[in-house]
2 protein chains.
Amino acid sequence: MSAPALTKNQALVFDVLEKADGPLSAYTILDKLRDHGFRAPLQVYRALEKLLEYGVVHRLESINSFVACAHPGENCHSHGIVAFAICESCGQVMEFHDHEVDHRLMDWTRGKKFKAEKTTIEIRGLCEACAA
Amino acid sequence: MSAPALTKNQALVFDVLEKADGPLSAYTILDKLRDHGFRAPLQVYRALEKLLEYGVVHRLESINSFVACAHPGENCHSHGIVAFAICESCGQVMEFHDHEVDHRLMDWTRGKKFKAEKTTIEIRGLCEACAA
DNA sequence: ATCGCACACGTTATAGCATAACGCAATTGA
DNA sequence: TCAATTGCGTTATGCTATAACGTGTGCGAT
Ligand SMILES: [Zn+2]
Ligand SMILES: [Zn+2]
Ligand SMILES: [Zn+2]
Ligand SMILES: [Zn+2]
C-alpha cells in the first residue's frame, strides 16, 4: 500500500495540498488547477481517491476537506489511528497519533466484536495563537 | 443547555430520528415529514440545529447523517466526548463514552494549548452480526 | 502480433448536502 | 406599546460527490 509513482494528475493534486498551509476542499483544489488543464471535479476526486489509498493525504470528515499527511516518508497508515486538531479560525491543522487512545478504542471494539475499518478523530477548536 | 419544550417542527424531526433504527440524512427526514407539511430542507436543518444544541441528537460527520442520542434523560453533553461505531453494512450505530480517551485527548490539547470546542470520534466498520 | 484486461483520463450530467436572504407571525419583556 | 427574539415558510443558490459513457495506453497471455 506504499505509494507507487504518482500519475500526472495525482502529482498535481498532491503538490497543491503540500504547498497549502491548511486543508483544502476538492473544489478549491480544482480551481487552483484550472491553469493546468483541470476542468471537472472528477479529475480531483479520482486523484484524491488514490492519494488517500496511498496514505499521503488525509480526509477531514468534519470539514469536507483534504490535507497532505504531516509525516512524509513514514507510512502514516502504520501508526494506527490518526487524529487531527483543526483550528476553526486560521484553518491550521495538527496531525498526531496516540497509541493509548488507539488501545482504548480497540478494546471497546473487541468487546463489542465490532470490526473497525476506518476511524475518524477530529478536534475542532482554536489553536494557541487564535485563542489568545 | 438542557432541552426546553420542543417546538412542533423540532418534535416532528426528533420523533422521526427516535423511531428510526439508524442514522438519517436531513433529506431523508424531509421526505418522511412531507405528509406533515414539511416542504423545504431548511425546516429540517433548523430543527436539527436546535436538537443538536440541546444534546438530544448527534451529527455523524463521516456520513452526513443524524441520530437520536442513545442516552435519553441524561444530558449527553456532560459525559465528555461521545464516540460512535457505525456499521457500514446495516447502518446500525452504537454510541459510547470513554473517559480515558477523553483524558488522553485533553492532555494532548492542553500540551498544545489548543482550545477544543467539539470533538468527533467515529469508527466505521462492521457490527458483530454483519461481520459474521 | 493481437487479444484481453486493467487503469488512468476526459466530459457531461446528475445526485446529495447545506445555507443565504427575504418576509411574516407569535412571544416576551421593558 | 414598542423593540427584540425566536420560530416559521419560501425561493433561490451554492457546495460536495458520484454515475455513466467513451477514449487511450500499457502490458501480459495466447
Ligand atoms: Zn498522516
Ligand atoms: Zn488558529
Ligand atoms: Zn448521546
Ligand atoms: Zn451491521
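Quick note: numbers below take in every heavy atom, side chains included, and nothing from hydrogens, waters or symmetry partners. The chains referred to below are lettered A, B, ... by the order of the sequence lines, with proteins before strands, and numbering in each begins at 1.
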Worksheet item: Can you name the side chain to side chain contact (heavy atoms under 4.5 Å, CB included) partners of A:Glu100, sequence neighbours left out?
Response: A:Asp98, A:His103, A:Arg104, B:Glu100, B:Arg104

Discussion item. Going by the rule side chain to side chain contact (heavy atoms under 4.5 Å, CB included), which residues pair with A:Ala70 if we only count those two or more places apart in sequence or in a different chain?
Written reply: A:Glu95

Fill in: Reported CZ-to-CE distance for the pair B:Phe114 and A:Met94, which is rounded to 0.5 angstrom
5.5 Å

Fill in: Estimated bend of the helix from C:dA1-D:dT30 to C:dA30-D:dT1 (axis per five terminal pairs, rounded to 10 degrees)
30°

Check nucleotides 15-18 of chain C for protein N or O atoms closer than 3.5 Å to its own N or O atoms and list the pairs.
residue : atom : partner : partner atom : Å
C:dA18  : OP1  : B:Arg59 : NH1          : 3.3
C:dA18  : OP1  : B:Arg59 : NH2          : 2.2
C:dA18  : OP2  : B:Tyr45 : OH           : 3.0
C:dA18  : O5'  : B:Tyr45 : OH           : 3.4
C:dA18  : N7   : B:Tyr27 : OH           : 2.8
C:dA18  : N6   : B:Tyr27 : OH           : 3.2

Discussion item. With a cut-off of less than 4.0 Å, is there a side-chain N or O of A:Lys8 near OP1 or OP2 of C:dC9?
Written reply: no

Fill in: A:Gln43 vs C:dG10: side-chain N/O to OP1/OP2 distance below 4.0 Å
yes

Results of side-chain hydrogen bond (donor to acceptor under 3.5 Å, both in side chains) for [X] - residues two or more places apart only:
X       : result
B:Ser65 : none
B:Gln92 : none
B:His97 : B:His71

Fill in: Contacts of A:Phe38 that satisfy ring pair (Phe, Tyr, Trp, His ring centres under 6.0 Å) - sequence neighbours left out
none

Discussion item. Run the ring pair (Phe, Tyr, Trp, His ring centres under 6.0 Å) test against B:Tyr45 and tell me which residues pass, sequence neighbours left out.
Written reply: none

Worksheet, complete the sentence: Rounded to whole Å, CG of A:Leu30 lies from P of C:dG10 at a distance of 12 Å

Under 3.5 Å, which donor-acceptor pairs do the side chains of residues 12-30 of chain B form with other protein atoms, sequence neighbours left out?
residue : atom : partner : partner atom : Å
B:Asp15 : OD1  : B:Lys19 : NZ           : 2.9
B:Asp15 : OD2  : B:Lys19 : NZ           : 3.0
B:Ser25 : OG   : B:Tyr27 : N            : 3.4
B:Ser25 : OG   : B:Thr28 : N            : 3.1
B:Ser25 : OG   : B:Thr28 : OG1          : 2.8

Worksheet item: Between B:His58 and B:Phe66, does the ring centroid distance fall short of 6.0 Å?
Response: no

Discussion item. Strictly under 4.0 angstrom, non-hydrogen atoms only: write out the protein contact profile of nucleotides 20-27 of chain C, one letter per nucleotide from the 5' end, B, S or -.
Written reply: BB------

Worksheet entry | Leading and trailing nucleotides of DNA chain D with any atom under 4.0 Å from heavy atoms of chain B | D:dG7 to D:dT11

Item to complete: State, yes or no, whether a side-chain contact exists between B:Ser89 and B:Cys127 at a heavy-atom distance under 4.5 Å.
Response: no

Worksheet entry | Any donor-acceptor N or O pair under 3.5 Å, side chains A:Ser62, A:Glu122 | yes

Practice prompt. Consider only side-chain N and O atoms of B:Thr120 and B:Arg59, and report whether a donor and an acceptor are under 3.5 Å apart.
Written response: no

Practice prompt. Would you mind telling me which residue lines up with the more 5' stretch of DNA chain D, B:Ala40 or B:Gln10, judged by nearest nucleotide?
Written response: B:Gln10

